[in-house]
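Here the structure comes first, spelled out in structure tokens, and everything after it is commentary.
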Amino acid sequence: MSDFLSQARALLGDTHVLTSDLAGYATDWRGKFTGVPLAVCRPADTQQVAALVTLCAAHSVCIVPQGGNTSMCGGATPDSSGQQIILSLSRLNRVRDISPLNNTMTVEAGCVLQTLQELAAQHERLFPLSLGAEGSCQIGGNIATNAGGVQVLRFGNTRDLVLGLEVVLPDGQVLNLLKALRKDNTGYDLKHLFIGSEGTLGVITAAVLKLFPAPRSRAVAFAAFQTPQQALELLGLMRGAMGDRFTAFELMSNASVAMVQRYFPASPALFAMPYPWHVLMQASDGGEQSALDNAFQAALETALEHGVIDDVLIATSEAQAKELWMVRENISEAQQLDGANIKHDIAVPVSSVPAFIEEVLPLLHAAYAGVRPVVYGHLGDGNLHFNVSSPAGMSTPHWQAETDRVNVIVLDVVARMQGSFSAEHGLGQLKNHEMAMYKTPLEIDVMRRVKNALDPKLLMNPGKLLPN
Ligand SMILES: Cc1cc2nc3c(=O)[nH]c(=O)nc-3n(C[C@H](O)[C@H](O)[C@H](O)COP(=O)(O)OP(=O)(O)OC[C@H]3O[C@@H](n4cnc5c(N)ncnc54)[C@H](O)[C@@H]3O)c2cc1C
């Protein structure tokens with residue numbers, strides 16, 4: 001391996017092949033997985049990525065691509081063998097082109113998502129991908145995980161926002177698919193193979209992204225309910241009234257909101273009395289603020305009159321809108337601070353969400369007295385973060401030992417409702433084994449054939465996504 005390391009140093013420079021102080025790279029965001037990398041390699045551009053990957057192929061060194069390292073499933077964390085390198089994309093952070101007329105930007109994989117949102121705004125455009133980790137996750141990681149977030153309802157997943165890709169294949173060749181085309185029916189659309197492939201098929205080095213006109217006004221409200229069924233009815237009502245202007249609809253159980261208020265005491269006060277369920281919703285468009293406000297308020301008044309919502313708080317300023325959003329955005333961190341929880345990131349058809357919640361909650365309470373489910377997520381997409389915190393007083397190791405049993409309780413209902421056991425975060429090394437339980441053998445076989453065709457030496461992010 002010293003031969004490999006000295007050649008890597010010759011390619012990238014001594015300071016960009018790190019072999020000490022690797023803790024920040026070697027442990028995942030949740031602190032659940034810690035690996036032992038052979039080295040962290042930090043190439044500066046696509047050519048250096050290609051040269052490094054070629055070197056890895058020659059020495060049979062496995063590669064774990066890493067972006068912002070915000071994976072919820074240990075996707076960017078190496079194993080403990082000391083034989084895998086982390087290939088950090090952080091230095092590939094250039095914007096190659098931005099074209100307001102074309103509504104596209106061509107960016108390198110290591111650009112931080114929030115930087116791209118801000119850049120788009122400077123050009124009076126919107127890049128709509130938006131998620132809690134946007135200040136540190138990178139667009140390459142977003143593409144590799146097909147990230148979702150809070151505006152999928154209107155703009156789709158990352159897959160829907162990518163027009164072109166540049167990928168370094170596992171043998172070191174650069175596959176240039178960087179076209180800014182809205183239409184191109186010339187054979188298999190290869191970019192889609194790499195979107196959501198979690199670093200198992202190649203290293204994404206650049207992408208052409210879709211932009212949209214920048215919104216000029218937005219309306220935000222927090223509504224309270226007794227049941228998720230009411231929230232579903234509100235979704236139908238608001239979409240009917242607001243059409244494409246309706247951009248986000250986030251469900252939160254009272255436990256989720258209370259957890260944020262406990263760990264983030266500066267969170268805004270909401271309602272005079274507690275309600276079991278809440279929704280944060282948003283509409284935006286390119287027109288006058290007053291026109292949007294009037295339509296939004298009229299729809300919410302109709303919902304109140306018909307008993308669809310029990311109470312509602314409408315933001316009266318942009319500052320208040322931001323405060324309300326912080327309640328939603330801080331749930332992940334609050335739960336992280338609260339301690340052990342078993343995370344699920346499931347999807348069922350939107351109309352089945354209330355039935356799903358009503359079926360699973362009693363099963364969990366029957367299995368574990370005092371269990372604390374923290375349920376929130378993108379109701380508009382049928383995607384819930386159904387995280388289960390330990391019963392009060394139970395130790396972390398004890399609760400973690402229950403993971404498989406809790407998973408079966410939750411995921412068997414998901415499967416029965418024709419849902420997905422991972423709707424946003426991907427599989428990484430946390431959930432790859434669940435594929436064998438919830439995907440058909442033929443689906444897994446076809447995935448393996450794709451993997452073997454592109455990466456016959458199995459060097460790209462081994463132990464992730466596919467079952468071992
Ligand atoms: C507070 C918080 C909130 C979150 N909210 C959401 C949410 O709402 N929706 C959502 O979808 N996710 C969410 N996530 C999960 C996470 O942010 C996303 O999965 C994100 O897309 C990962 O980006 P990253 O740059 O951090 O990737 P990393 O964590 O570094 O890597 C993720 C995976 O992608 C691979 N990868 C990274 N870069 C590349 C590349 N250039 N080429 C090939 N493979 C690569 C890695 O090998 C790994 O398998 C959240 C995470 C946190 C911590």
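Scope of the values below: all heavy atoms of this structure, side chains included, with no hydrogens, waters or symmetry mates. Numbers here simply count residues along the sequence, with the first being 1. Atoms within a ligand are numbered from 1 in the order they appear, just like the ligands themselves.
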Less than 6.0 angstrom separating the ring centers of F386 and F356, yes or no?
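Centroid distance F386-F356: below 6.0 Å, so yes.
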Considering residues at least two apart in sequence or located in another chain, which fulfil the ring pair (Phe, Tyr, Trp, His ring centres under 6.0 Å) criterion with Y275?
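Listed in chain order: F271.
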Below 4.0 Å from any atom of ligand 1, which residues have a heavy atom? Give them in chain and number order, please.
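Ligand 1 is contacted, at a heavy-atom distance under 4.0 Å, by W29, P65, Q66, G67, G68, N69, T70, S71, M72, G75, A76, L89, A109, L131, G132, A133, C137, Q138, G140, G141, N142, A144, T145, A147, G148, G149, E198, G199, G202, V203, I204, S332, H378, E424, H425, N461.
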Which pairs, with at least one residue in residues 57-77 and sequence neighbours excluded, count as a ring pair (Phe, Tyr, Trp, His ring centres under 6.0 Å)?
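Passing the test, one end in residues 57-77: F4-H59.
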Geometric class of the H378/H385 ring pair [parallel <30°, tilted 30-60°, perpendicular >60°]:
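Answer is perpendicular, since the angle exceeds 60°.
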Would you please name every residue forming a side chain to side chain donor-acceptor pair (under 3.5 Å) with N176, sequence neighbours left out?
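Side chain to side chain donor-acceptor pair (under 3.5 Å) check on N176 returns nothing, list empty.
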Roughly how far, to the nearest 0.5 Å, is CE of M259 from CG of N254?
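So the gap between those two atoms works out to 11.5 Å.
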